[in-house]
Amino acid sequence: MWGQRLFAGTAVAQSVSFPGLVQMDEDTHYNKVEDVVGSHVEDAVTFWAQNVSKNKDIMKIGCSLSEACPLANSVFGNLDPKKIYGGLFSEDKCWYRCKVLKTISDDKCLVRYIDYGNTEILNRSDIVEIPPELQFSSIAKKYRLWGLQIPSGQEVTQFDQGRTFLGSLIFEKEIKMRIKATYQDGTVIAQAEYGTVDIGEEVAKKGFAEKCRLTSGIDACEAKKPDPNQLALRSLKNPIPLWGRRSNQSTFSRPKGHFNGRLTLDVKYETSAGNHVTFPKESLAAGDFNLGSNVSLAKIKQDQKLIEENEKLKTEKEVLLENYKALELKVEQTAQELQQEKTATMDLTKHLESTLKTCVGTRLKNLAAKVELLKEIRHINISIRFGNDLSDAMQVLDEGSFTTLASLNELEKIWAEYNVAQEKIQTCLNENEGNILIAERNEVQQKLFVAIDVFILEVDDLPLDKRLKTLQDLATSLESVYGKAKEGTNNSEETLRKFYDWQCTKREEFASIRSETESSLQHLVAWFQSSQKVFDLSLDEPLTSEDLIGNIDEILEKTESCVCKELELSLIEQGVIDKEIILSTYSQVLQKIHSEERFITTLLSKYKDSVEFKKQMIDCLNKSPNVDYLLSIKKTLKGLKAQLRWKLVEKSNLEESDDHDGTEIEKIKQEITQLRNSVFQEIYHEREEYEKLNSLTQKWFPELPLLYPEIGLLKYMNSGGLLTMSLERDLLDTEPMKELSSKRPLVCSEVNGQPVLLKGYSVDVDTEGRVIQRAASYHRACGYAKEESGLLPLIFLFLCKSDPVAYLMVPYYPKANLSAVQASMPLTSEEALKVMKGVARGLHTLHSANIIHGSLHQNNVFALNREQGIVGDYDFTKSESQRASVNAMVGGLSLLSPELKTGKPPSASSDLYAYGCLFLWDDNVKSLLCSLIYFRSSMTAEQVLNAECFLLPKGKSIPIPEKEIECTQHRREDESKMESLERYSEKTRNGEANP
């Protein structure tokens, strides 16, 4: 693009209009003269030029483009070759109007800048749509020299030279064009003149073009016109050096008024940014050229050469000035550094002169201080640096180590045989085979008794307690020095070998250094003693000072070196490798100590168990287990039950007689009550005897169920001690409780003054075992936690002899279930927290035993005395899935968790969902409720027990100022969570909740 290519003006605030510029005048008359400025050269006879009258129009176009193009959208799709776009020129990054000549690829296009004539390959992102008011014909016209054509077969080099030559004649120069004709594509055929120079003749003289025959006219010249697209691509590859590589473009960076007053630029367009237009160098020179002057082509070339040389010299001058300034700065810095070095040297010289006077005294003082420190260090035990304490510990471990015991190995072997024999008896179902197994067990038992005696006698002779105390003290001592040991260290033999090698090397090194230190100090002391004679004036014998004094400097130097080496070895911290060796050895030693401690502890525990086993075995062998007492209890129970039935019949007969005596009936009732109490007392005695036999069976005599099948010991053991065969429903004074349950028999009674409920379950041969098993699991879980179980205890389980019904006896708490309590007098917040904490404890007890309740609802949770919450039992005839399928409701909210609704099996999470729903009436537990509803999959009943609402005391709390902001934030979070909870509850009521 020529010198007018860039306009540095800021966009004018108002929109710019272009009167008279919408359509160029195409009615060109023969020999009409136009004043134009060359802007682009295509070949030796073809170029583009702008009419000098269009200068202001070009500036207005530049202003509008700088406003519109940065905000416009990049083009996409197929581009219209007839449409005018905005293109971002790569050289100055300003916007100019252009047309698309050819699409090169998906993202690159060949465009022509229509107001200047030059071409460029642009990315699609650099081409934008422009407003309709800028869609008018180009400012620049394409001209062709009259009567000239490019010779056929012209070489590329000559072609490029012709373009360059024509550019030197017309580029950025105002020339006159005498129009001769116009092609259909708009190319103007004209005669070009620059002053008195006919540009066409000059081109022809140089041989870059040839004259075409006038007879052929325009058609002959036009026939030899090259392809415009090929010329455009060729011009991209071969730019004209004159204007494509200008050394100083700043000369044309701002628009100026045209010479001779013919064209003046309005000052209001001169600003610092945007598109800008410049004029030729000749028009900017101080009137050195005039259109009317007779200027030769040689003069033009000479001026151009002088300008280029001048620019080159200016550039060289600037480079030399910059180099001069850099060298000057470097010299100044070097002078400053020399001055600083000189000052430092002078200071050092003064310091050396002052210290030289006291050099000997200072060295002796320093040496004396180091020797004094060395004395203190030698009095301190530095054996730790060489691991002497670890060596001592290993010696202790090797001398009195207890790693194995022959009698213990034999004892464990026989004890394993004894356990196998007991298991065989326990699983035996045949009495004859059982007798054989019992005999084999008894033989192993005798061997075990002997092995225990040998083991006890051997252990009694060992100082185990003393050895254990020694090991504990040794471990404590080492841990206080080395701290916590590394875990997972292996290859103890290799570690200890490295330690011993390292220790020997260090000891030799230390002994050598210490020997050198003592030798050098003795040499120094000897020097002081011999030097006294030299300075003693009372001695008359002649002495040679050189022989006696010797080289004191060498003696001092060696003494200082030896003392410093020993101090360094004693004081400086050990290296990484030394530490690694010591710590690895320490870990191995500590592992051996702990291993022996564990062995001794195991030995003592086994000793204690053996002594106890021997004592119990002697007691058991002296008296074999006897079931006579249990049978006598059963016999007594049989008689008491017969008396009770007889009294019940007698009472019924008296009540039915017409003349019954009330006193007699009352007496019989008292006797019945006493008999019932006696029956239950004997049943409890029977349970105690069963427990004793159960314990003997588990520990010593697994054959008891096989030898005495009539006592039903195996059933009792399988039920976890819950089942009793001595209790029958007709022995109890029962009252139906139809209001509590209509699905199964449910009656109320009283045992030893305690109200109880009898729950009847219809069973058959298949379901009876499952009911007993489920009830036993629940009973065992309750028994493990005892009073802190949080569960409703089971008292007895017995089977009806006349009907296929199993009865479960549980405590009866009238009107204590959560539904009744909330209906009569709702719990306060403090009471509710106490109750629900107990319920959480009950769930924790069940879940710890891998039991899913599956039937938690307001009628199955009890608030005893309005402060103790317990979880009720469930239907033992149903599986977990069957229990969980019942959709209980509380406050309109389903207790069935979302995952259960989708068919997933019940889990501890579904129990916690029901627990959270039961909690909905209390506003003080919002945070816990949100966690139970939304994060059940990651919560456990134990975490619920440790929730903040259960741990903090209730009542009025005094706010802490520094925590008020935090509390407010938590309160807002809780409110947000509760809003989500309410929405979730509403969805659940409508059956919309998702898992």
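Values reported hereafter were calculated over all heavy atoms of this structure, with side chains retained and with hydrogens, waters and symmetry mates removed. The first residue of the sequence shown is numbered 1, and numbering continues consecutively from there.
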What salt bridge (charged side-chain N to carboxylate O under 4.0 Å, His left out) pairs are there with at least one residue in residues 716-729, not counting sequence neighbours? Lys641-Glu728, Arg645-Glu728, Glu728-Lys801
The criterion is salt bridge (charged side-chain N to carboxylate O under 4.0 Å, His left out); which residues satisfy it with Arg883, sequence neighbours excluded? none
I'd like to know if the side chain of Thr767 pairs up with that of Asp764 as donor and acceptor (distance under 3.5 Å, no hydrogens or angles considered). yes
Go through the structure and list residues passing salt bridge (charged side-chain N to carboxylate O under 4.0 Å, His left out) with Glu880, not counting sequence neighbours. none
Pairs in or reaching into residues 769-784: which pass side-chain hydrogen bond (donor to acceptor under 3.5 Å, both in side chains), with residues at least two apart or in two chains? none
Sequence-distant partners of Phe613, ring-ring contact (aromatic ring centres under 6.0 Å, His included), two or more places apart: Trp415, Tyr418, Trp700
What pairs of residues pass the salt bridge (charged side-chain N to carboxylate O under 4.0 Å, His left out) test when at least one of them lies in residues 680-689, not counting sequence neighbours? Lys634-Glu686
Any non-hydrogen side-chain atom of Leu648 less than 4.5 Å from a side-chain atom of Arg676? yes
I'd like to check the salt bridge (charged side-chain N to carboxylate O under 4.0 Å, His left out) partners of Glu750; sequence neighbours left out, ordered by chain and number. none
If I take atom CG from residue Leu757 and atom CE from residue Met809, how far apart are they, to the nearest 0.5 angstrom? 10.0 Å
Distance-only donor-acceptor check, side chains Glu830 and Thr828, under 3.5 Å: no
Are Phe862 and Tyr812 an aromatic pair by the rule of ring centers under 6.0 Å? no
Which residues pass the side chain to side chain donor-acceptor pair (under 3.5 Å) test with Asp628, not counting sequence neighbours? Asn626
Using 4.0 Å as the upper bound for N to carboxylate O, is an ion pair formed by Lys647 and Glu650? yes
What I'd like to find out is whether the side chain of Ile772 reaches to under 4.5 Å of the side chain of Asn718, using heavy atoms alone. no
Taking the side chain as every heavy atom from C-beta outward, state whether Asn860 and Asn817 have any atom pair closer than 4.5 Å. no
Could I get the full list of salt bridge (charged side-chain N to carboxylate O under 4.0 Å, His left out) partners for Glu655, not counting sequence neighbours? Lys651
Inter- and intrachain pairs under salt bridge (charged side-chain N to carboxylate O under 4.0 Å, His left out), touching residues 859-874, at least two apart: Lys759-Asp873, Glu831-Arg866
Quick test of your reading: applying ring-ring contact (aromatic ring centres under 6.0 Å, His included), list the pairs with at least one residue in residues 703-736, sequence neighbours left out, ordered by first then second residue. Tyr690-Tyr716
Salt bridge (charged side-chain N to carboxylate O under 4.0 Å, His left out) contacts in which one or both residues fall within residues 810-820, not counting sequence neighbours: none
Could you tell me whether the side chain of Pro705 reaches within less than 4.5 Å of the side chain of Leu713, counting heavy atoms only? yes
